Amino acid sequence: MATYTEHYGLHQWVPEDNFLRSDFNTDLQKIDQTLYEIFETASSKALAVTGTYAGDDTMERTIDLGFQPKALYLYTWGGFTSTYNSGTHVVYGGLALPEHPIVDFGSSDAPIVEICSTGFQLHCDNSYHRVNESDYFYYYIALR
């Protein structure tokens, strides 16, 4: 008489058992469903989400991720997050955490990139805050 595995109830036959094709089909259906749940829904369970967006020159913009990130790293071509040249600091990205936005400490300390309940918000209040410039393509890594 067959016994069954502890976790999925799959048949465990002994040599003297007679078995039916339907027993195999039942086991394969259980395996198929489990694999589907693991692999097809993995993207919604991912710990890190990566993505891109093209700048559009708007002063305020929200990038919707469908969740509130625990951390966000934003950068542009070549991995740049900022530059400093001849006394001018230009911000292209950086690391943002809830309650700790990316700010330009040299100017108003106002948020440039901040995490919101559905993703992150961009604030481009001057020409040195370039997190949404139309000539740039931006990359991000968001942690759930």
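Residue numbers run from 1 in the order of the sequence given. The structure presented is a predicted model; accordingly, all values stated were derived computationally and were not measured.
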Exercise. Could I get the full list of side-chain hydrogen bond (donor to acceptor under 3.5 Å, both in side chains) partners for Q33, not counting sequence neighbours?
Key: E37
Exercise. Kindly write out the residues that satisfy ring-ring contact (aromatic ring centres under 6.0 Å, His included) with H11, not counting sequence neighbours, or none if the list is empty.
Key: Y4, W13
Quiz item: Donor-acceptor pair, T5 side chain versus L10 backbone, under 3.5 Å?
Solution: yes
Quiz item: Which salt bridge (charged side-chain N to carboxylate O under 4.0 Å, His left out) pairs, counting each pair once, include a residue from residues 127-143, with sequence neighbours left out?
Solution: R130-E133
Self-check item: Side-chain touch Y53/L74, heavy atoms, less than 4.5 angstrom
Solution: yes
Quiz item: Are Y136 and V113 joined in one hydrophobic group, where the rule is that I, L, V, M, F, W and Y side chains link up if heavy atoms are under 4.5 Å apart?
Solution: yes
Self-check item: Hydrophobic cluster membership, V131 vs L95, 4.5 Å side-chain cutoff
Solution: no
Quiz item: To the nearest 0.5 Å, how far apart are CG in L122 and CD in E114?
Solution: 10.0 Å
Quiz prompt | Shortest non-hydrogen contact from P111 toward H123 | solution = O-CB, 3.3 Å
Quiz item: Could you give all pairs that pass the salt bridge (charged side-chain N to carboxylate O under 4.0 Å, His left out) test and reach residues 18-30, with sequence neighbours left out?
Solution: none
Quiz prompt | Non-hydrogen side-chain atoms of Y92 and W77 separated by less than 4.5 Å | solution = no
Quiz prompt | Gap separating the OH atom of Y138 from the OG1 atom of T81, nearest 0.5 angstrom | solution = 12.0 Å
Self-check item: Qualifying residues under side chain to side chain contact (heavy atoms under 4.5 Å, CB included), relative to F67, sequence neighbours excluded
Solution: V49, L65, P69, A142, R144
Quiz prompt | is_close_aromatic(Y75, Y73), centroid dist under 6.0 Å | solution = yes
Self-check item: T52: side chain to side chain contact (heavy atoms under 4.5 Å, CB included) partners, not counting sequence neighbours
Solution: F137, Y139
Self-check item: Taking every non-hydrogen atom, the tightest pair across N132 and C124
Solution: CB-SG, 3.7 Å
Self-check item: Nearest heavy atoms of Q12 and D17, plus distance in Å
Solution: O-OD2, 4.4 Å
Self-check item: Sequence neighbours excluded, every pair satisfying salt bridge (charged side-chain N to carboxylate O under 4.0 Å, His left out) that has a member inside residues 60-70
Solution: D56-R61
Quiz item: Can you find a pair of side-chain heavy atoms, one from F120 and one from I102, that are under 4.5 Å apart?
Solution: no
Quiz prompt | Verify same cluster id: F80, Y128 (apolar side-chain graph, 4.5 Å) | solution = yes
Self-check item: Reported CE-to-NE2 distance for the pair M59 and H129, which is rounded to 0.5 angstrom
Solution: 10.0 Å
Quiz prompt | Listed partners of S82 passing side chain to side chain contact (heavy atoms under 4.5 Å, CB included), at least two apart | solution = H89
